[in-house]
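What follows is a single structure, written as structure tokens, with notes after it.
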Protein chains: 4
Amino acid sequence: MDTEGDAGNSTEDDPGNRAGEGDAASDTQDAIMGATYRALCEHGYANLTMQDIADEFDKSRSLLHYHYDTKEDLLLAFVEQMVGWIGDRLAETETEDPLPRLEEYVDRFVIEPGESDRQTFALAIIELRVQAVHHPQFREKLRSHYERNVETVAEILADGIEAGVFRDVDPERVGEAIYTAMVGARTYQVTLGAEDATRRMRDAIAEFVATDLLVADRDVAEYAG
Amino acid sequence: MDTEGDAGNSTEDDPGNRAGEGDAASDTQDAIMGATYRALCEHGYANLTMQDIADEFDKSRSLLHYHYDTKEDLLLAFVEQMVGWIGDRLAETETEDPLPRLEEYVDRFVIEPGESDRQTFALAIIELRVQAVHHPQFREKLRSHYERNVETVAEILADGIEAGVFRDVDPERVGEAIYTAMVGARTYQVTLGAEDATRRMRDAIAEFVATDLLVADRDVAEYAG
Amino acid sequence: MDTEGDAGNSTEDDPGNRAGEGDAASDTQDAIMGATYRALCEHGYANLTMQDIADEFDKSRSLLHYHYDTKEDLLLAFVEQMVGWIGDRLAETETEDPLPRLEEYVDRFVIEPGESDRQTFALAIIELRVQAVHHPQFREKLRSHYERNVETVAEILADGIEAGVFRDVDPERVGEAIYTAMVGARTYQVTLGAEDATRRMRDAIAEFVATDLLVADRDVAEYAG
Amino acid sequence: MDTEGDAGNSTEDDPGNRAGEGDAASDTQDAIMGATYRALCEHGYANLTMQDIADEFDKSRSLLHYHYDTKEDLLLAFVEQMVGWIGDRLAETETEDPLPRLEEYVDRFVIEPGESDRQTFALAIIELRVQAVHHPQFREKLRSHYERNVETVAEILADGIEAGVFRDVDPERVGEAIYTAMVGARTYQVTLGAEDATRRMRDAIAEFVATDLLVADRDVAEYAG
DNA sequence: CATGAATGAGTTTTCATTCAT
DNA sequence: TATGAATGAAAACTCATTCAT
């Protein structure tokens, strides 16, 4: 289940998911990833310096180079981390029924104007995605993340079709369209400050689902069955 | 009519299309804008240097500063130029009927794998859009451009509704959804190399239009009329 | 005529060989070469930094990079310059007779304890020569310089043989031995502080020449011819 | 007897030739010296880092500092070790007769193109000798080593003179000239890649010895005696 | 003994910007 | 206009050294 928004934030703003002592190396590396995230959100990829990252870090700048040979290495590790933060939550949901599950999925994209953390997180992903054009390694990681998300929607759709809830559409195509449309709305909201763009797109998709995707006599059929 | 794709390309790939001598200042500034465009596409915003721009230019770096005090000034002028290149073609179309006009509009977003110029142009816009977060001045320009595009789709829809071709939806909402979805697909295709993402989204929207937007008995009505 | 010792010193300590205004670029580059020379002598190759060079220079550090992209480029240019400084004087002499010419040549290697400039210059060459092991480009330049010097001695010997002054030895072999021996003595003197090592080698060679190289009855033969 | 070439090689290419357990401290320090030698040869003095040495070692960088406070301390110890490796073999020979002994001595300098170990070892000495200029402590050690070598040749010559084999030359002077010339040739060969330079110098010296140093009627005298 | 982590000073290099011509 | 030269601030990266364990 996609929760690009809050997943990351909670994870590294509150990296409390380590038990006991942990190993120092891992601690430090986690801290570096967190610092990188904060610095990226604050300064933007284009202006991000090692110093910016160090400033969000309670250790010295040199230590960044101790753990990652180059800035590029560090950022590549960060992309992996970022994808990991999101990916871990991809399948999380307790909802089983296809329709509410789809609604829940789409709902999670909505960013309220006040949720600056989620806005910020979304921006970070967009920034990295743009860099992907120039960095093949970034691209591979972000692309497979994107495809995994599309796949998640497709599965919900496939489940619904099988259950007779949704019309017999191509789950891949429609799934990609839904995910891509939500990502587009999020990009619009985050980059150009279009308040409520995600909410409007959520509503548009909900309407599309109601009007066009749901099997017309679903309620009847269901109760009939 | 949105033609972000080819509008820019023809314009700055061939920036020699002005008549007569013109005034030298303008010539030079146009050349700088063209060079900036090429440099941006080649290096990406994050790595763009004044030297990169000068290299795409047959003049010296100093001259850039003669025309624009700072790099930021230059880039701000570039954003304006960029929006202008697109905007000039916004209303261009010979199609009048709402349905084909909508189809034409959406069609123009499709980027074929081989069209690297259009891909490149789309990328430039995306790069700038991301920077908009950190540059309020960029944001204003790009946002109004975005809204103008949404408005164009909305008008097509409004025309169609008025003509009885389209169902009575909210033209703003649906227009924004359509435009945003296409932009999302374009971003996906360009940044992550998802070949045919724009084509698939175009098809999805076409299907949505046919199934959900067209007035059911349109053909009948039309021929009846 | 080889005068590795004083050639360089006079050249860049007193770069008065430019006419009138000259071009600034060349002036500056000459100044950089001079500064590099002084910094090299003071700090040694192993510890030489761009800052050290800048400190011997009346311009900024950045300017070094303006003229030479990297430290390595600068040092390669310096090696060329160094070889040039020496090479220009290679053929200079007014002496014609082979024996005095050979004596003059060997004599010029002698470094008196007080001649710190020449000592310093000799050291610079030795430092570069050691680096040649790790830098093929240095190696080529320094090797051809070495060979040119050997050739010069060989020519003196060949002249002397032809004139019947010297015994019929292989000029190349003996020339290389003489030059190499003098260079070895200079290295000994300069690196290990062996005062008078060059003078002692000069004397040894002079004795060798007198005892072994000169045609025994030269005077007689000459006049007889 | 000088065997700078092979002496070192056998010693540190195979630093495992100590019996039994030995004391650990010494073992480690020997290993550090060996690693330093290899690192020096590979990277050159100018680029030699503690990390380079540690890389040739199966232990950590920190351990180097445990045994030697500073890099300079380590290198000073290394110079001593180096001189020791050579010095131990200085007097080794079974030859008694002055002429063959001198020939043997000079012969040992010859480095065949394929003998990369000996080339490498010679280079290490040259690198250190250049540093001697800036490090008085290095200088003392290397200078006394040099003088000891000169002395060895001088003794051979003195023996030969006393035995009536050699002409009555100044053994110190001629010995220094011979040793210095061979070192010069070795430097030429090793730093500038002059293949066979040592062999040619050996031949030149051999000829000098035959022509100029041997007592003219030596063979007669000898057999007559 | 031995190490990984950490640091600070220093090194090369980059880059927007200025200036004299 | 137009440029090459020049600069200073800051960037990434290096490295000897220290320290807790």
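Numbers restart at 1 for each chain; the letters A, B, ... are given by sequence-line order, proteins then strands.
For E:dT21, the paired base is F:dA2 (Watson-Crick or G-U wobble, both distances below 3.5 Å).
Taking the six-membered ring where tryptophan is involved, the planes of C:Tyr45 and C:Phe138 are perpendicular, since the angle between them exceeds 60° and thus also 30°. Note: D:Phe78 and D:Tyr37 have tilted aromatic rings, judged against thresholds of 30 and 60 degrees for the angle between ring planes.
We find that CG of C:Asp27 is positioned 14 Å from C1' of F:dA6, with the value rounded to whole Å. Rounded to whole Å, the distance from OH on B:Tyr68 to C1' on F:dA2 is 16 Å. A straight line from OH of B:Tyr66 to P of E:dA20 spans 16 Å, rounded to a whole angstrom. For the pair D:Leu76 CG and F:dA16 C1', the interatomic distance rounds to 17 Å; values are reported in whole Å. The distance from atom CG of D:Leu64 to atom P of E:dG4 is 13 Å, rounded to the nearest whole Å. For the pair B:His65 NE2 and E:dT17 P, the interatomic distance rounds to 4 Å; values are reported in whole Å.
Positionally, the nearest nucleotide of DNA chain F for C:Phe57 lies more toward the 5' end than for the other of A:Lys71 and C:Phe57. Residue order along DNA chain E, read from the 5' end via each residue's closest nucleotide, puts A:Asp58 first among A:Asp58 and B:Glu72.
Atom CD of C:Gln51 is surrounded by more than 12 heavy atoms from other residues, nucleotides or ligands within 6.0 Å. No more than 12 heavy-atom neighbours from other residues, nucleotides or ligands sit within 6.0 angstrom of CD on D:Glu72.
A heavy atom lying under 4.0 Å from DNA chain E marks none of the residues of residues 41-55 of chain D.
For the pair C:Leu63 and C:Phe57, the minimum side-chain heavy-atom distance is below 4.5 Å.
Side-chain atoms of B:Ser62 come within donor-acceptor range of the base of F:dG4, with a qualifying N/O pair under 3.5 Å.
Distances from the side chain of A:Leu63 to the nucleotides E:dA5, F:dT3, E:dT12 place E:dA5 closest. Closest to the side chain of A:Thr70, out of F:dC13, E:dT3, E:dT18, is F:dC13. Of the candidate nucleotides E:dT17, E:dA6, E:dT12, E:dT12 has the atom lying nearest to any side-chain atom of C:Arg61. Side-chain proximity of D:His67 to the nucleotides E:dT14, E:dA2, F:dC13 is greatest for E:dA2.
One P atom belongs to F:dT21, the other to E:dC1, and the distance between them is 22 Å to the nearest Å.
The backbone N or O of D:Glu56 lies less than 3.5 Å from a partner atom in the side chain of D:Arg38, making a donor-acceptor pair. Checked by atom type and distance alone, the side chain of A:Lys71 pairs as donor or acceptor with a backbone atom of A:Leu48 at under 3.5 Å.
For D:Thr28 and E:dA2, the shortest distance from a side-chain N or O to OP1 or OP2 is below 4.0 Å.
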